[in-house]
Novice: 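I have a structure here, written as structure tokens, and I will follow up with some questions on it.
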Amino acid sequence: MRLELTVPMSQRGQPLLIDALEAVEGGKQTKDLLRPIFEIIRRAVSSGIQQEFFNNFEQYENDVNLPRQGAGDVRIALDLPEPDLEAVRGDLLDVAMAGSEWIWQTASDGPAAAVFEVLCDILDEGLGPVEQQALLDANLADLAG
């Protein structure tokens, strides 16, 4: 599955997505799939190294010298292994709801809650890139309006 998404710059440097993932119950495979994606967002990892970072997360997890994207929104472009997604579908929905709720209760950060929930929904439903961005944008617009 191809994940192509632009996340608001407010999530850059923000630990909430990772903190929520650690705080909620969910399967190890689910958390192992989401953790590198949320780290790419938090660190604004350069698009040129995102796939390598995702594929070898344990190697890069503590690397503080990774290339970063320029200022602004964070662009994600990853090919995710379908067998890994199949293994966590279903659990992603539970994690999405719990993580979003945890973010709301802990930090009242609507955009972070939306990014967390929508990203999990996208992966669970296997949405294509056009639908991915439309879903995130609609959720963020609902918060703003």
Side-chain angles (χ1 to χ4, degrees), residues 1-47 49-63 66 68-69 71-145:
M1 176 189 159
R2 182 75 177 163
L3 177 65
E4 289 187 28
L5 200 59
T6 300
V7 176
M9 68 178 149
S10 63
Q11 299 313 300
R12 188 185 277 263
Q14 182 65 259
L16 273 177
L17 301 176
I18 296 291
D19 292 349
L21 184 63
E22 299 306 325
V24 301
E25 291 196 22
K28 179 181 178 342
Q29 283 183 293
T30 303
K31 290 185 174 192
D32 287 350
L33 179 72
L34 292 171
R35 191 172 291 108
I37 298 170
F38 290 155
E39 281 291 343
I40 286 169
I41 295 168
R42 183 179 71 83
R43 297 190 208 180
V45 173
S46 172
S47 56
I49 193 173
Q50 285 181 6
Q51 193 67 53
E52 172 71 14
F53 180 87
F54 179 84
N55 292 343
N56 299 294
F57 181 63
E58 296 78 24
Q59 178 182 341
Y60 294 106
E61 185 173 10
N62 298 312
D63 189 337
L66 293 171
R68 313 245 183 228
Q69 294 180 31
D73 294 340
V74 180
R75 181 93 178 115
I76 306 168
L78 291 171
D79 290 312
L80 303 174
E82 196 60 45
D84 291 357
L85 290 167
E86 282 299 322
V88 300
R89 288 205 167 109
D91 190 35
L92 279 166
L93 292 178
D94 294 335
V95 170
M97 298 306 293
S100 176
E101 182 66 25
W102 185 90
I103 291 169
W104 272 110
Q105 290 179 359
T106 304
S108 299
D109 186 329
V115 168
F116 190 101
E117 186 171 338
V118 167
L119 216 151
C120 291
D121 289 348
I122 287 168
L123 299 180
D124 186 71
E125 295 176 26
L127 297 178
V130 172
E131 293 90 1
Q132 294 170 12
Q133 194 65 55
L135 182 61
L136 179 59
D137 290 348
N139 275 266
L140 293 170
D142 285 348
L143 289 169

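None of the values given here were measured: they were computed from a predicted structure.
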Novice: Which heavy atom of A44 sits nearest to which heavy atom of R12, and what is that distance?
Specialist: CB-NH1, 3.4 Å
Novice: Report the residues that fulfil side chain to side chain contact (heavy atoms under 4.5 Å, CB included) with E131, sequence neighbours left out, ordered by chain and then residue number.
Specialist: L127
Novice: Would you find a donor on one side and an acceptor on the other, under 3.5 Å apart, between the side chain of Q69 and the backbone of V45?
Specialist: yes
Novice: Atom CE of residue position M9 - does it have more than 12 heavy atoms of other residues, nucleotides or ligands inside 6.0 Å?
Specialist: no
Novice: For the residue pair A113 and I103, what are the closest heavy atoms and their distance?
Specialist: N-CG2, 3.7 Å
Novice: Would you find more than 12 non-hydrogen atoms of other residues, nucleotides or ligands less than 6.0 Å from E25 atom CD?
Specialist: no
Novice: Can you name the residues that form a side chain to side chain contact (heavy atoms under 4.5 Å, CB included) with V88, not counting sequence neighbours?
Specialist: Q29, T30, L33, L92
Novice: Hey, could you give me the CD1/CG distance between I49 and D63, rounded to the nearest 0.5 Å?
Specialist: 7.5 Å
Novice: For a quick test of reading the model, state the closest non-hydrogen atom pair linking V95 to G26 and the distance between them.
Specialist: CG2-CA, 3.8 Å
Novice: What pairs with D137 under side chain to side chain contact (heavy atoms under 4.5 Å, CB included), at least two apart in sequence or on another chain?
Specialist: Q133
Novice: Run the numbers on I41 and L119 for side chain to side chain contact (heavy atoms under 4.5 Å, CB included), then give the verdict.
Specialist: CA-CA 11 Å; I41 295 168; L119 216 151; 3.7 Å; yes
Novice: How far does CZ of F116 sit from CG of D121, to the nearest 0.5 angstrom?
Specialist: 10.5 Å
Novice: Of all residues at least two apart in sequence or in a different chain, which pass the side chain to side chain donor-acceptor pair (under 3.5 Å) check with E117?
Specialist: S100
Novice: Can you list everything that forms a side chain to side chain contact (heavy atoms under 4.5 Å, CB included) with A107? Sequence neighbours excluded, please.
Specialist: L16, D109
Novice: Let me check something: any side-chain donor-acceptor pairs from residues 75-85 under 3.5 Å, sequence neighbours excluded? List them with distances.
Specialist:
| from | atom 1 | to | atom 2 | distance (Å) |
| --- | --- | --- | --- | --- |
| R75 | NH1 | T6 | OG1 | 3.2 |
| R75 | NH2 | E4 | OE1 | 3.3 |
| D79 | OD1 | R2 | NH1 | 3.3 |
| D79 | OD2 | R2 | NH1 | 3.2 |
| E82 | OE2 | R89 | NH1 | 2.8 |
| E82 | OE2 | R89 | NH2 | 3.3 |

Novice: Identify the two heavy atoms, one from G99 and one from A20, that lie closest to each other, and give their separation to 0.1 Å.
Specialist: O-CB, 3.9 Å
Novice: Do the side chains of E22 and R35 get close enough for a salt bridge, i.e. N-O under 4.0 angstrom?
Specialist: yes
Novice: Show the numbers, then the answer: is there a side chain to side chain contact (heavy atoms under 4.5 Å, CB included) between Y60 and E39?
Specialist: CA-CA 10 Å; Y60 294 106; E39 281 291 343; over 6 Å; no
Novice: Go through D19 and T106 one step at a time and tell me if the side chain to side chain contact (heavy atoms under 4.5 Å, CB included) criterion holds.
Specialist: CA-CA 10 Å; D19 292 349; T106 304; over 6 Å; no
Novice: Mind checking whether S46 and L66 have side chains closer than 4.5 Å, heavy atoms only?
Specialist: no
Novice: Whether the side chain of N139 engages the backbone of V115 through a donor-acceptor N/O pair (distance < 3.5 Å, no angle test) should be reported.
Specialist: no
Novice: Would you please test Q11 and L17 for side chain to side chain contact (heavy atoms under 4.5 Å, CB included) and show each step?
Specialist: CA-CA 8 Å; Q11 299 313 300; L17 301 176; 4.3 Å; yes
Novice: Roughly how far, to the nearest 0.5 Å, is the CZ atom of F38 from the CZ atom of R43?
Specialist: 14.5 Å
Novice: Distance check, rounded to the nearest 0.5 Å: D124 atom CG versus I122 atom CD1?
Specialist: 11.0 Å
